[in-house]
Engineer: 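Here you go, one structure.
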Amino acid sequence: MASNIQGNVTYDPLPLTSDDQPTTHLYNAPPSPSSASFHTPQLNPTDLGVDSAGFPLGAAQPRFLGAALYDDAGAPQIRNSYTSTHTNPSGGSSDYTGSVYALNDTLGATPLNHGSYAGGYKDDPTGSFGDLAISPMGPPASRFMEEKRAVYAPPRVKSKRNIIILALLAAILLVILAVVVPVYFVIIKPNSNKGFDSGTSDSTAKPSATTTGAPTVAVVVTGGDGSKVTMDDGTTFIYRNPFGGYWYWNENDPFNNGARAQSWSPALNETFRYGIDKIRGTPALFEPYLSNSQPAVDEWTLSEAMRNDSPNGGINQLENHYKTFITEKDFADIAGAGLNYVRIPLGYWAIEVRDGEPFLEKTSWIYFLKAIKWARKYGIRINLDLHSVPGSQNGWNHSGRFGTVNFLNGPMGYANAQRTLDYIRILAEFISQPQYSSVVTMFGILNEPQGNTVGQDALARFYMEAYNIVRQAGGIGENNGPFISFHDGFIPRSQWAGVFPNADRMSIDTHPYICFGPQSSAPMSSYKNTPCTTWGGLVNTSSANLGLTTAGEFSNAVTDCGLWLNGVNLGTRYEGTYSGSGERVGSCSSWTDWQNWDASTKSAIKNFAMASMDALQDYFFWTWKIGNSSVTGKVETPHWSYQLGLKNGWMPTDPRSAIGFCGNTDPWSPPLAAWQTGGAGAGDIPASVTSSLAWPPATLSTGGPVASLPAYTPTGTVVTLPVPSFTQSSAATTTIDAGSGWANSADTGGMFVPIPTCSYLDPWVGPSASPPSPLCSSAARRRFEPREPLITSAPSI
């Protein structure tokens, strides 16, 4: 029986490449290369040419030819089908005019239902060779059409009985395929390397050692946009991710790294190409204690106040905050917002506390393990940021205790730095384990140290020693432990260029804020290009001279208006109530009353956000969420909440829309140098550099010679962080290896602890205090005892 070709046939998409394209593009297919790269001339009907003609090296070749409805500028707008390999010039890049789309009969149902594009596909729209529709063309008419027919053969006419039988079989098959195919191609195949091995991409994967092989388990462990997610407490939500991301979690396979945050972000079992793939990341507790004789102004005083508040739960109130403030749903929403990284601040008390320090010890580590689980589930990478260290590295409230700098400063500055290096070591050993290294891929070793207080020399020596410790835990080379992020210490980035030559995977972190400088009453709209002109060139220069440059924090704030933004009860510069701020500029009410912002205000904030994203390139917005005030019941610092901006229209729903916002005409061009990403030369730091940055420094800027200051000795038992536990189902066939908490078994050095016969001051004593005298009794052994570094040799490339 003759074939009966129906109109509006739906054809398969063409997954030609994996290029980064917005999902609003038809089939998510990549655009053709530009006409500047190659040229395919208009062909005659009898010419075909060799398969490789006109295609540059590495370009994906189409499986067939179709209509190209644009040509180069000045040429006919509609081209013949056999020249459809031509490119679409700028200005004619509609997805609905490509060869894939034009193979369908429109039947008035597509965006081509107007003008000369209306109606079905024509072999020769210009009429120069016949203007024949696709349906009636016979076999001898064209080799081009036969190629299309071979790919898209029409169905044969079936009997009614056969149709019913086939329909039933097809329905059963579809149910099976709907489960098996996505799980295999999306999760199992990309992750067929060892379940927690991030060293290779899916193309060179090995069988997973943790996969159970039970298809009944795989049915409920993954999903994309619109799927139902069941959380640990049994509650459910619908996963929303319009960017092609998908989640994966299987309690029997908890180190599977197959999840992907978005289609353009590498899955956790794929290589993140730093410098090419862009990093896009993200106060009610204090109010009850404002009337205390000692108001809670930081986590130290908050912890003290809570410990004295037994009727309301005591210090465990903080754990309730951990449980409820950031949840699994937030991680799902972060992926759905188009973000692929999170920066998680951690205080040292996640590991231990000493000498009556009031912080809630170790509890935050439990919730960081949950964060790792949730990040893995949704394909998100983590930048672990050591945010607070003994003695305080900056004297600000978010360092743990508001006051003075006692890190590398003052009589306890050296001892506090020793403790800090231990905590860096403990964290590095944990996150360098293969079970966790694909998720916690970046380690910010110290948040916002006051470089101008401690001095760049002392800070650089500390960074060099921390670098050695982290690389001792994981080794040298790509995928061996995390990227090491060091903060600029508020020292110009140009002064860090060349300080750590050939250091393996080090990135510089900067926190660009406008709001803490001079205040202005200028409207938000006037700041549209400020990030471009202020930050864009600096980032380009830093990327070229230093390597990966990240903005570990930025926000939408252009004034310091917001509840306790400068600290609890410290006022604002804008209203003239902050100490030393000068004259009042105006009222903060219009800057915080987000519920009454009009469309133009929201648009102006969004413009600033997109300018910031484009200028900064690799960034973390501070922060994802701001809690509601327990007094007013609403967010009082709206410029600092990514989530609030998404819900109310002043943050872009797709962060890629910011690309090109600044119109940068001279951007830095990737890739990074090989040694900067763990390749050839990584870790080959010249001996002259390591000797010039030897630890410890001879003196501290305030405190004097290190030899005259209190110090610890490395003879204590090292704290090892606990690993998570998992409840396997009865179908599990393997035992889960969650690691030991320590990546490098050869690292057996002790932990820095006090010498019993030596004297020590309060770690927060202040820089003006005098050291104990004498430091130690005559029988005590008081000297620095460095650990011998155990650095894995650089890989052969």
Side-chain angles (χ1 to χ4, degrees), residues 261-262 265 268 272 274 277-282 322 325-327 330-335 337-348 350 364-365 367-376 378-389 393-394 396 398-400 423-424 427-428 430-431 436-449 466 470 481-489 505-513 539 548-557 609 612-613 616-627 637 640-643 645-646 651 655:
Q262 302 88 26
S265 296
L268 295 179
F272 196 97
Y274 292 93
D277 297 318
K278 292 302 180 184
I279 295 173
R280 299 180 174 107
T282 79
Y322 292 146
F325 186 62
I326 295 292
T327 68
D330 287 292
F331 279 77
D333 291 345
I334 287 168
L339 306 174
N340 54 16
Y341 250 98
V342 290
R343 179 173 177 261
I344 299 180
L346 202 67
Y348 75 88
S364 58
W365 178 254
Y367 290 89
F368 181 69
L369 291 179
K370 288 182 180 290
I372 294 177
K373 173 182 176 179
W374 297 334
R376 190 192 309 272
Y378 296 100
I380 296 170
R381 290 169 170 83
I382 292 176
N383 175 3
L384 169 59
D385 177 66
L386 183 55
H387 216 73
S388 309
V389 301
Q393 72 277 21
N394 52 40
W396 293 327
H398 53 70
S399 70
Y423 300 143
I424 289 173
L427 292 169
F430 188 95
I431 64 178
Y436 309 98
S437 59
S438 293
V439 181
V440 189
T441 54
M442 185 172 287
F443 185 10
I445 52 179
L446 187 62
N447 178 67
E448 295 186 346
V470 176
F483 240 89
I484 299 171
S485 174
F486 71 95
H487 187 264
D488 59 19
R505 291 167 297 149
M506 284 189 81
S507 66
I508 188 167
D509 174 26
T510 184
H511 297 175
Y513 287 121
V539 172
L548 182 63
T549 300
T550 64
E553 297 179 17
F554 82 99
S555 77
N556 288 328
S612 299
M613 291 173 173
L616 298 174
Q617 301 181 39
D618 294 279
Y619 55 79
F620 298 87
F621 188 91
W622 187 269
T623 181
W624 168 251
K625 178 191 288 186
I626 297 290
T637 48
W640 297 77
S641 175
Y642 201 109
Q643 182 193 66
L646 275 180
M651 289 300 289

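Because the structure is a prediction, the values reported are computed rather than measured.
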Engineer: For I326 and W624, work out which heavy atoms get closest and say how close.
Structural biologist: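 That would be CD1-CD1, 4.1 Å.
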Engineer: Within this structure, what is the CG-CG distance for the pair L646 and L339, rounded to the nearest 0.5 Å?
Structural biologist: 7.5 Å
Engineer: Side-chain contact test, heavy atoms from C-beta onward, threshold under 4.5 Å: evaluate it for F483 versus N383 and give yes or no.
Structural biologist: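 Result no, sub-4.5 Å side-chain heavy-atom pair not found.
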Engineer: Does the side-chain contact (heavy atoms from CB on, under 4.5 Å) test come out yes or no for N447 and E553, once each step is laid out?
Structural biologist: CA-CA 10 Å; N447 178 67; E553 297 179 17; 3.7 Å; yes
Engineer: Which pair of non-hydrogen atoms, one from R280 and one from G338, has the smallest distance, and what is that distance?
Structural biologist: CD-O, 4.2 Å
Engineer: Would you confirm whether Q393, through its side chain, and S399, through its main-chain N or O, come within 3.5 Å as a donor-acceptor pair?
Structural biologist: no
Engineer: Which distance, rounded to the nearest 0.5 Å, do you find between the CG of L386 and the NE2 of H487?
Structural biologist: 13.5 Å
Engineer: Going by heavy atoms in the side chains, are P345 and W622 under 4.5 Å from each other?
Structural biologist: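 When only atoms from C-beta onward are counted, W622 and P345 do touch, with a gap below 4.5 Å.
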Engineer: Any idea which heavy atoms bring A337 and P655 closest together, and the distance?
Structural biologist: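 The answer is O-CD, 3.3 Å.
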Engineer: Say whether, by atom type as modelled, one donor and one acceptor occur between the side chain of S555 and the main chain of T623 under 3.5 angstrom.
Structural biologist: no
Engineer: Does the gap between the ring centers of F554 and Y513 come in under 6.0 Å?
Structural biologist: no
Engineer: Can you tell me if R381 uses its side chain to pair, donor with acceptor, with the backbone of M442 under 3.5 Å?
Structural biologist: no
Engineer: How about F331 and Y378: are their ring centroids closer than 6.0 Å?
Structural biologist: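 No, ring centres 6.0 Å or more apart.
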Engineer: Taking the six-membered ring for Trp, are Y274 and F272 ring centroids under 6.0 Å apart?
Structural biologist: yes
Engineer: Can you check side-chain contact (heavy atoms from CB on, under 4.5 Å) on R376 and Y436, steps first, answer last?
Structural biologist: CA-CA 9 Å; R376 190 192 309 272; Y436 309 98; 3.9 Å; yes
Engineer: How long is the gap from CZ on F486 to CD1 on I445, to the nearest 0.5 Å?
Structural biologist: 8.0 Å
Engineer: Are L369 and F430 side-chain neighbours, meaning at least one heavy-atom pair lies under 4.5 Å?
Structural biologist: yes
Engineer: Quick one: CG on D330 to CD1 on I380, what's the gap to the nearest 0.5 Å?
Structural biologist: 10.0 Å
Engineer: Hey, what do you get for CD1 (I508) to CD1 (I484), rounding to the nearest 0.5 Å?
Structural biologist: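 So the gap between those two atoms works out to 14.0 Å.
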Engineer: What is the minimum heavy-atom distance between R343 and G552, and which atoms define it?
Structural biologist: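 Minimum heavy-atom contact is CD-O, 3.3 Å.
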Engineer: Considering non-hydrogen atoms only, spot the tightest contact between D488 and T510 and give its length.
Structural biologist: OD2-OG1, 3.0 Å
Engineer: Aromatic contact between H511 and W396, with the criterion being ring centroids under 6.0 Å apart: yes or no?
Structural biologist: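 Ring centroids of H511 and W396 are no less than 6.0 Å from each other.
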Engineer: Closest heavy-atom contact between N340 and S265?
Structural biologist: ND2-OG, 3.1 Å
Engineer: Is there a side-chain contact between F368 and V440 (heavy atoms, below 4.5 Å)?
Structural biologist: yes
Engineer: Would you mind reporting whether T550 and D509 have side-chain heavy atoms less than 4.5 Å apart?
Structural biologist: yes
Engineer: Could I get the full list of ring-ring contact (aromatic ring centres under 6.0 Å, His included) partners for Y367, not counting sequence neighbours?
Structural biologist: Y322
Engineer: Show, in sequence, the C-alpha distance, side-chain angles and deciding distance for I431 and I382, and conclude whether the side-chain contact (heavy atoms from CB on, under 4.5 Å) test is met.
Structural biologist: CA-CA 10 Å; I431 64 178; I382 292 176; over 6 Å; no
Engineer: Hey, are the side chains of N556 and M651 touching, using non-hydrogen atoms and a 4.5 Å cut-off?
Structural biologist: yes
Engineer: Using modelled atom types only, decide if a donor and an acceptor are shared between the side chain of K625 and the backbone of F325 within a distance under 3.5 Å.
Structural biologist: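 Yes, the answer is positive, given that a donor and an acceptor are paired below the 3.5 Å cut-off.
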Engineer: Using only heavy-atom distances, determine whether the side chains of Y341 and T441 contain a donor-acceptor pair under 3.5 Å.
Structural biologist: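 A pair is found: one side chain offers a donor N or O, the other an acceptor, under 3.5 Å apart.
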Engineer: Going from CD1 on I626 to CD on Q643, what distance comes out if it is rounded to the nearest 0.5 angstrom?
Structural biologist: 10.0 Å
